[in-house]
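Notes follow once the structure below has been shown.
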Amino acid sequence: TTTPESRLQVVGNITNIASSRFNPVLVGSATTQTTSSNVYVSGRYSYVGLASGGFEIFDVSTSSPAFVGRINTEAVAASSLFIAGKYAYVVSTNNDSLNIYDISDPSHPATTSITILSSNGKSVYVSGRYAYIGENNTIYDISNPYQPIFVGSFTGSTNDENVVIGRYAYGANNGTFHINDISNPQNAVNLSNVAIGNSGGGELAVSGAYAYVASSTDLAIFNISNPASPTRIGIINVGSVIRVSSSIVGNAIVIAGRYIYASTDSGIKIIDVLNQTSPVLIGSVSSTNASLFVSGRYLYAAQANSLNIYDI
């Protein structure tokens with residue numbers, strides 16, 4: 001253009017035009033001892049659960065992850081892993097247990113306690129002094145990590161995975177999204193149960209007033225500002241089942257700003273949710289059935305015998 005009056009103008013919505021940033025760049029990787037099952041990042045360390053038992057610790061402060069330590073527990077396959085403070089919490093489905101490990105010395109993690117659950121547990125989420133066990137639907141007081149104490153259970157819902165924000169626990173199972181009031185852990189109250197879309201699925205993530213819930217190949221978006229009456233406001237079919245595996249629950253959906261990263265049978269799907277009512281699939285990464293974690297500008301994906309780090 002030659003004059004201000006004839007300068008270029010853009011009309012319409014261009015927020016979903018794809019760019020190279022929608023295709024994360026692999027910047028580092030490490031090989032795990034056996035098949036990885038999940039991943040959690042805290043500080044400079046990445047904790048990778050192993051399907052054969054135990055977990056490995058890597059220093060990820062640089063783009064070349066360095067092995068730091070490992071705990072081998074063949075009887076305790078790491079079905080779900082959560083890090084809080086100086087402890088790692090692992091739920092194992094092969095011996096139905098909640099296992100707590102002291103990780104204050106990452107090079108020498110040590111077993112703190114093993115608690116046998118009353119029934120199968122698929123996942124663990126820690127908030128404050130309590131651990132919330134998925135599928136088993138129990139709540140434990142872990143203020144004394146050497147002796148966790150059962151304090152209550154969920155009623156009216158079965159959650160494969162729990163996400164706890166404030167006084168509410170959000171979970172999903174078999175095509176239904178559940179919200180429970182856990183302000184009194186000894187008497188958790190089921191507030192709502194809402195159909196997601198397809199049957200199956202139990203993966204979810206929560207951010208602000210929204211919950212992102214998987215149901216088979218669908219990712220549904222709920223407005224949860226009223227926990228007693230959550231409203232589904234958007235849904236997208238990503239074309240593949242959203243999950244890490246049939247036996248591993250957790251970390252299949254992670255949030256980074258306006259983007260959702262969803263692990264599926266055909267890779268990691270990237271979804272723009274700037275417009276909550278019209279989510280848009282904008283990219284993908286080839287890693288299939290990876291456990292995911294976002295920390296800062298990096299996406300960590302544990303898949304097969306590897307830990308991959310992507311710049312997002």
Side-chain angles (χ1 to χ4, degrees), residues 21-30 32 35-43 45-51 55-58 60 65 78-83 88 90-91 122-125 134 160-163 170 172 201-207 210-215 217-219 221 236 238-273 279 281-312:
R21 287 192 59 78
F22 296 147
N23 294 304
V25 178
L26 181 67
V27 294
S29 63
T32 56
T35 302
S36 59
S37 55
N38 38 63
V39 61
Y40 199 105
V41 178
S42 179
Y45 298 108
S46 175
Y47 303 82
V48 182
L50 303 176
F55 56 90
E56 294 184 326
I57 304 173
F58 294 87
V60 291
S79 305
S80 179
L81 172 68
F82 197 100
I83 307 298
V90 173
V91 157
K122 275 190 175 180
S123 64
V124 58
Y125 192 101
D160 284 349
E161 178 185 9
N162 290 299
V163 173
Y170 305 88
E203 303 282 357
L204 78 162
V206 178
S207 178
Y210 300 99
Y212 305 88
V213 190
S215 180
T217 60
D218 286 341
L219 178 72
I221 303 173
I236 184 171
V238 301
S240 301
V241 177
I242 300 172
R243 64 180 178 179
V244 176
S245 77
S246 58
S247 59
I248 303 297
V249 176
N251 293 48
I253 303 173
V254 293
I255 304 170
R258 62 187 273 187
Y259 302 109
I260 299 292
Y261 297 84
S263 179
T264 78
D265 290 347
S266 64
I268 303 169
K269 306 296 185 179
I270 307 170
I271 304 149
D272 187 339
V273 292
L281 184 65
I282 57 172
S284 64
V285 180
S286 60
S287 294
T288 59
N289 299 118
S291 176
L292 308 177
F293 198 97
V294 167
S295 180
R297 61 183 285 182
Y298 298 105
L299 172 69
Y300 299 81
Q303 178 220 21
N305 286 61
S306 65
L307 168 66
N308 296 317
I309 304 174
Y310 297 90
D311 188 338
I312 56 174

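We use all heavy atoms of the structure for the numbers below, so side chains are in, but hydrogens, waters and symmetry mates are not.
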What I'd like to find out is whether the side chain of [X] reaches to under 4.5 Å of the side chain of [Y], using heavy atoms alone.
| X | Y | result |
| --- | --- | --- |
| Tyr210 | Val273 | no |
| Tyr300 | Val48 | no |
| Ile221 | Pro279 | yes |

Sequence neighbours left out, what passes side-chain contact (heavy atoms from CB on, under 4.5 Å) with [X]? Give chain and number order.
| X | result |
| --- | --- |
| Ala78 | Ser37, Asn38, Val90 |
| Asn308 | Leu26, Ser29, Ser287, Gln303, Ser306, Tyr310 |
| Thr264 | Val238, Ser240, Ile242, Ser266, Lys269 |

Could you walk me through whether Val27 and Tyr298 satisfy the side chain to side chain contact (heavy atoms under 4.5 Å, CB included) test, starting with their C-alpha distance in whole Å, then the side-chain angles of each, then the deciding distance to 0.1 Å, before giving a yes or no?
CA-CA 9 Å; Val27 294; Tyr298 298 105; 4.0 Å; yes

Closest non-hydrogen atom pair, Ala214 against Leu219:
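Closest pair (atom of Ala214, atom of Leu219, distance): N-CD1, 4.3 Å.
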
What closest approach, in Å, do Ile255 and Ile260 show between heavy atoms, and which atom pair accounts for it?
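Closest approach of Ile255 to Ile260: CG1-CD1, 3.4 Å.
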
Looking at [X] and [Y], would you say the former's side chain and the latter's main chain have a donor-acceptor pair under 3.5 Å?
| X | Y | value |
| --- | --- | --- |
| Ser80 | Val124 | yes |
| Ser79 | Lys122 | no |
| Ser123 | Asp160 | yes |

Listed by chain and number, what are the side chain to side chain donor-acceptor pair (under 3.5 Å) partners of [X], not counting sequence neighbours?
| X | value |
| --- | --- |
| Asn305 | none |
| Tyr125 | none |
| Ser295 | none |

Report the residues that fulfil ring-ring contact (aromatic ring centres under 6.0 Å, His included) with Phe293, sequence neighbours left out, ordered by chain and then residue number.
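Scan of Phe293 (ring-ring contact (aromatic ring centres under 6.0 Å, His included), adjacent residues dropped) gives Tyr40.
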
